[in-house]
Amino acid sequence: FLRGDGSWASAGVTSDAQYNTLAGTNAGSSFSGTSATNNSLFGYYAGNAITTGDYNTFYGNNAGRAVTTGGSNIAIGSQAIGYSSGACTGADNIALGADALYQPTDGSYDVAIGYKALRSLTSGQKNTAIGYEAGLDVTTGQQNVLMGPNCGKTITTGGYNVYLGQDAGSSVSGNAGTGHYNVALGMSAGSRLTSGYKNVSIGYIAGDHMTTGYYNVSFHSDVWLDLR
């Protein structure tokens, strides 16, 4: 780095023979011999549990602390992929934000961007959640696309849903979302869905009459079609 007087000084961080770069108390302290390679770990306990995982990038307090053998994961933020009592063997996950994708086990190909996005996910795969607490309760749900604050917050095992907008697809009653193949576009659209499936809700609070229904198309709160 460049000193104030214009001279250069070493940053004090170097890589080992396996191309791992570590900085922080107990960062990468569980490597199994020379098995773990190409990891970049910065922060207190960042990547602490990695044994043989490769190509991980973790930055932040406890970032990536849950990862053991998983590889090619990116976690930036305090406790992103950071649950210390779980073992993450999943790969190719991206978590940006405090507590994002907090406790995956074998979940892979998930993207969580925002505070507590996909925080409860364990083995769900190929989910994308962007926004404050987006997909917060998803555990084993698959291939959901959730964009907006609290979007899809109460989904648990539901999969293949597309929700866009604040509170879209997030049950106002707090009931678990287990439905599949739903589309909700707009603030609070589909906000009462629980086990309903193959519904389309477009507009502000569209589909607020639906909980367990299926094959419905809704526009705003009072216009809907039953396509069964």
Side-chain angles (χ1 to χ4, degrees), residues 77 80-81 90 92-105 107-228:
I81 317 184
D92 300 292
N93 295 296
I94 297 174
L96 306 179
D99 283 4
L101 201 57
Y102 178 63
Q103 54 185 355
T105 51
S108 296
Y109 314 109
D110 294 297
V111 176
I113 300 176
Y115 175 66
K116 291 188 178 180
L118 294 179
R119 188 183 190 277
S120 303
L121 187 138
T122 54
S123 58
Q125 298 196 6
K126 298 180 180 179
N127 295 285
T128 298
I130 300 175
Y132 171 84
E133 293 191 350
L136 176 70
D137 294 338
V138 175
T139 54
T140 60
Q142 307 277 333
Q143 300 188 46
N144 294 290
V145 176
L146 315 169
M147 296 185 181
N150 298 312
C151 185
K153 181 177 179 177
T154 54
I155 295 174
T156 54
T157 59
Y160 310 98
N161 299 292
V162 177
Y163 296 151
L164 306 179
Q166 181 175 328
D167 298 316
S170 183
S171 172
V172 294
S173 61
N175 293 325
T178 59
H180 303 290
Y181 305 105
N182 295 293
V183 176
L185 309 178
M187 182 175 179
S188 298
S191 62
R192 295 185 184 277
L193 278 173
T194 53
S195 60
Y197 59 94
K198 296 184 178 179
N199 298 290
V200 177
S201 303
I202 301 175
Y204 172 65
I205 63 174
D208 68 345
H209 62 285
M210 293 185 296
T211 55
T212 60
Y214 55 96
Y215 296 109
N216 294 291
V217 177
S218 301
F219 302 92
H220 195 48
S221 62
D222 53 0
V223 180
W224 62 281
L225 301 172
D226 186 340
L227 301 182
R228 284 174 289 173

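Just so you know, residue 1 is the first one in the sequence shown, and it goes up from there.
Scanning all heavy atoms of the two residues, the minimum distance from A184 to A189 falls at CB-O, 3.5 Å. Annotation for G169 and T154: closest pair O-OG1, 4.1 Å, computed over non-hydrogen atoms. Nearest heavy atoms, G186 versus A168: O-CB, 3.6 Å. The nearest pair of heavy atoms linking S218 to M210 is OG-CE, 3.6 Å. Between S201 and G207, the shortest heavy-atom distance links the atoms OG-CA, 3.8 Å. The minimum heavy-atom distance linking A117 with A112 is given by the pair O-CB, 3.4 Å.
Judged by distance alone, the side chain of T211 and the main-chain N or O of T194 form no donor-acceptor pair under 3.5 Å. Remark: the backbone N or O of A206 is not paired with any side-chain donor or acceptor of D208 at under 3.5 angstrom. A donor-acceptor pair is defined here as one N or O able to donate and one able to accept, closer than 3.5 Å; no such pair exists between the side chain of S170 and the backbone of G152.
Among residues at least two apart or in separate chains, there is no salt bridge (charged side-chain N to carboxylate O under 4.0 Å, His left out) pair with a member in residues 179-195. A side chain to side chain donor-acceptor pair (under 3.5 Å) check over residues 119-131, counting only residues at least two apart or in different chains, returns the pairs D99-R119, D110-N127, N127-N144. Residue pairs that meet the salt bridge (charged side-chain N to carboxylate O under 4.0 Å, His left out) test with at least one member in residues 161-185, sequence neighbours left out, do not exist here. Pairs passing the side chain to side chain donor-acceptor pair (under 3.5 Å) check and including a residue from residues 175-190, sequence neighbours excluded, read N161-N182, S173-N175, N182-N199. Every pair passing salt bridge (charged side-chain N to carboxylate O under 4.0 Å, His left out) that includes a residue from residues 132-143 is listed here, sequence neighbours excluded: E133-K153.
Expressed to the nearest 0.5 Å, how far CD1 of I155 lies from CG of L121 amounts to 11.5 Å. Y204 contributes atom OH, which lies 9.0 Å from atom OG of S191 (distance to the nearest 0.5 angstrom). For the atom pair OH (Y102) and CD1 (I81), the distance works out to 13.0 Å, reported to the nearest 0.5 Å. Rounding to the nearest 0.5 Å places CG of L101 at 11.0 Å from CD1 of I113. Taking CG of L164 as the start and CG of L146 as the end, the distance is 8.5 Å to the nearest 0.5 Å.
Listed by chain and number, the residues in a side chain to side chain contact (heavy atoms under 4.5 Å, CB included) with A134 are A129 (sequence neighbours excluded).
No side-chain heavy atom of S108 sits less than 4.5 Å from a side-chain heavy atom of D92.
Ring planes of Y132 and Y115: parallel class, angle under 30° (limits at 30 and 60°).
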